[in-house]
Amino acid sequence: MSTQSDNIFQAIISHAKEYGFVFPSSEIYDGLSAVYDYGPNGSELKKNIRDYWWKSMTQMHDNIVGIDAAIFMHPTTWKASGHVDNFSDPMIDNKDSKKRYRVDHLIEAYADTLPEAEKNALIDEMQQLEAATDYAGLKKLIDDHKIKCSVSGTTNWTEIRQFNLMFKTEFGAVASDNPDDNIVYLRPETAQGIFVNFLNVQKTARMKVPFGIAQTGKAFRNEIVARQFIFRMREFEQMEMQFFVRPGTEGEWYKYWKEARLQWHLGLGINPAKYRYHDHIKLAHYAKEACDIEFEFPIGFKEVEGIHSRSDFDLTQHQLYSKKKQNYFDNDIDPATGKPYGNYIPYVIETSIGLDRMFLLILSNSYEEEAIPKEDGTTDSRVVLRIPAKLAPNKLAILPLTKKDGLPEIATKLMDECKPYFKCFYEEKDAIGKRYRRQDAIGTPFCVTIDNQTPIDQTVTIRYRDTMQQERIPISQVKDLVLGMVM
RNA sequence: GCGGAAGUAGCUCAUUUGGUAGAGCGGUAGCCUUCCAAGCUUCAGGUGGCCAGUUCGAGCCUGGUCUUCCGCUCCA
């Protein structure tokens with residue numbers, strides 16, 4: 001990361017706070033690590049992004065429907081999904097070098113130095129201990145083999161501790177004798193709320209494969225390192241769509257959604273050169289094929305969205321753990337046999353985008369510090385957020401040039417006319433130039449100014465944020481003109 | 001978690017060796033202004049991150065603590 005892009009990132013964070021987009025959580029108590037709050041402009045922008053996604057999924061696809069599942073889920077959900085076992089890595093620290101290791105990495109690195117037979121025996125033993133979550137046994141394994149820290153060269157280890165990905169809490173007001181009875185997790189992904197409702201949705205909405213279920217909502221993960229502003233948060237919001245397909249067709253649907261999702265991003269008018277795919281080589285336990293859509297943030301190319309071919313892993317797991325059939329009966333005729341495709345567990349293509357990351361993407365892509373040459377030879381500066389008009393917190397600022405001569409009355413009338421259709425901002429104080437700059441700073445795409453000519457011929461000037469150009473139009477056309485640009 | 005740096009007004013920063021804090025910008029209210037951060041005036045805003053210690057006296061010295069930033073470590 002260069003110093004310059006680092007400075008831009010810092011400037012964006014400051015700007016976000018100063019103009020009411022993003023505040024550090026609980027700031028008066030010195031903040032809470034990796035948690036942030038969205039302010040007045042931020043919550044509008046975030047909502048607009050969410051709505052834009054939701055509409056593109058559910059309204060623009062007649063084979064995708066939405067749900068809103070609870071954050072709390074039955075704890076067995078997370079055993080079935082693999083989150084309980086696969087995402088709690090045991091860790092160990094060397095007391096001399098202060099280095100922290102994942103226990104499996106430490107033992108595997110040591111095993112690589114051994115002859116083949118000894119190596120395999122050691123790995124086997126480790127895996128059995130891991131499966132039994134026998135931390136004492138793993139520690140003994142490290143001690144018995146005198147495994148050293150590569151930095152300090154000593155065997156002075158702490159006890160093995162578990163790193164928990166999921167937040168745990170207690171369910172029910174009455175304590176149980178067995179504390180495990182009451183544990184629920186805050187969901188680490190929204191996807192499982194879709195999977196456990198697969199048949200409910202399919203039957204009640206009368207959906208036929210291929211079809212999708214969309215959902216937006218909060219998810220929670222204990223990150224090891226909490227940095228990089230809202231890019232990596234402990235509480236964050238996902239926008240996910242799980243698309244259920246006939247087995248054997250998952251390859252073509254994976255390709256379809258991989259392409260469709262990038263087009264969604266480009267449809268916002270963002271420079272294609274700032275995007276790239278990152279295909280996964282090493283796949284998660286549930287994945288068949290997977291890629292990320294990465295965006296060039298000021299901190300480098302980072303993942304915004306993932307497209308995963310999850311096979312029938314999740315539904316099969318839930319069938320296993322719940323003992324409830326998750327079959328779908330496909331009445332369509334298979335041309336190969338002349339008979340219906342019949343019963344099967346559908347395969348799933350997942351598209352999963354981080355709403356907060358998308359927010360940061362829009363902010364990063366929009367932020368610009370501009371130098372403007374003035375007529376007298378000096379230069380002016382402005383900070384402008386070139387937020388796509390359809391996502392901007394405010395669509396239109398209505399500005400009477402002065403507070404006199406009946407101009408505020410005309411402006412208020414225009415405000416009342418436009419308000420039901422899109423978010424407007426009214427301001428009559430300070431010089432017009434200052435008001436324009438304030439709107440630039442929060443990304444308002446259009447300003448109209450009511451001046452002394454307005455009462456005479458019912459025209460106003462409309463000023464465009466990106467070019468700073470203005471033109472004179474009839475006041476009666478303002479609403480439809482803006483509406484046409486923001487829909 | 002480890003190492004380094006930094007915490008003074010909403011923001012950016014001053015306050016020469018210890019003597020109870022200032023400026024610019026921003027905000028507020030008004031005047032004047034007919035289109036890009038203009039001018040004049042008004043007002044508000046800080047127990048100097050927090051807690052101890054040294055001292056007659058601490059924003060400044062000492063210790064602790066918290067937070068943030070940078071680097072390392074980890075990352076489905």
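All heavy atoms count here, side chains included; hydrogens, waters and symmetry mates do not. Here the structure is a predicted model, which is why all the values come from computation and not from measurement. Each chain gets a letter, A, B and so on, in the order its sequence line appears, and its residues count up from 1.
Atom CD in A/Q192 sits about 18 Å away from atom P in B/A76, given to the nearest Å. Atom CD in A/E369 sits about 18 Å away from atom P in B/C11, given to the nearest Å. Rounded to whole Å, atom P of B/A37 lies 14 Å from atom OH of A/Y19. The distance between atom CG of A/D451 and atom P of B/U33, rounded to the nearest whole Å, is 16 Å. For the pair A/F229 CZ and B/U68 C1', the interatomic distance rounds to 14 Å; values are reported in whole Å. Rounded to an integer number of Å, the gap from CG of A/D430 to P of B/U28 is 7 Å. Rounded to whole Å, the distance from CZ on A/F23 to P on B/G10 is 14 Å. The interatomic distance linking A/E427 (CD) with B/A37 (P) rounds to 15 Å, in whole Å.
No donor-acceptor pair under 3.5 Å is formed between the side chain of A/N365 and the backbone N or O of A/L361. Not one N or O on the side chain of A/R221 forms a donor-acceptor pair closer than 3.5 Å with the backbone of A/E189.
When heavy atoms are screened at a 4.0 angstrom cut-off, A/V448 is found touching no nucleic acid atom at all. Base contact: A/Q470 has a heavy atom under 4.0 Å from a base atom.
With both ends at atom P, the span from B/A5 to B/G45 equals 37 Å, rounded to whole Å. Across B/U62 and B/G19, the matching P atoms stand 16 Å from one another, rounded to whole Å. B/A76 and B/C72 have their C1' atoms separated by 22 Å, with the value rounded to a whole Å. Taking atom P on both B/U73 and B/A14, the two are 34 Å apart, rounded to the nearest angstrom. B/U28 and B/C36: their C1' atoms are spaced 23 Å apart (whole Å).
Residues meeting the side-chain hydrogen bond (donor to acceptor under 3.5 Å, both in side chains) test with A/K46, sequence neighbours left out: A/E237. Qualifying side chain to side chain contact (heavy atoms under 4.5 Å, CB included) partners for A/S366, counting only residues two or more places apart in sequence or in other chains: A/I362, A/L385, A/I387, A/P388. Remark: A/E471 engages A/Y464 in a side-chain hydrogen bond (donor to acceptor under 3.5 Å, both in side chains) (not counting sequence neighbours). Partners of A/K274 according to the salt bridge (charged side-chain N to carboxylate O under 4.0 Å, His left out) rule, which considers only residues two or more places apart in sequence or in another chain, do not exist here.
The base of B/C36 sits with one of its N or O atoms less than 3.5 Å from a complementary donor or acceptor on the side chain of A/R463. Residue side chain A/R232 reaches the base of B/C75 through a donor-acceptor N/O pair under 3.5 Å, judged by distance alone. Donor-acceptor pairing under 3.5 Å, judged by distance alone, is present between the side chain of A/R221 and the base of B/A76.
Residue A/G193 comes nearest to A/A69 through the heavy atom pair CA-CB, 3.9 Å, listed as atom of the first residue, atom of the second, then distance. Here the closest non-hydrogen pair linking A/R437 and A/M468 is NH2-CE, 4.1 Å.
Between A/I432 atom CD1 and A/R463 atom CZ the span is 9.0 Å, to the nearest 0.5 Å. Rounding to the nearest 0.5 angstrom, the gap separating the CZ atom in A/R465 from the CZ atom in A/R386 is 7.5 Å.
Taking every heavy atom of residues 472-479 of chain A and every atom of RNA chain B, no pair lies under 4.0 Å.
Look at A/Q439 and you won't find any side-chain N or O under 4.0 angstrom from OP1 or OP2 of B/C36. For A/K434, a side-chain nitrogen or oxygen approaches OP1 or OP2 of B/G27 to under 4.0 Å. The side chain of A/K429 places an N or O atom within less than 4.0 Å of a non-bridging phosphate oxygen (OP1 or OP2) of B/U28.
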Read 5' to 3' with Watson-Crick or G-U pairs under 3.5 Å, [ ] for crossing pairs and | for partners on another strand, RNA chain B gives (((((((..((((.....[..)))).(.(((.......))).).....(((((..]....))))))))))))....
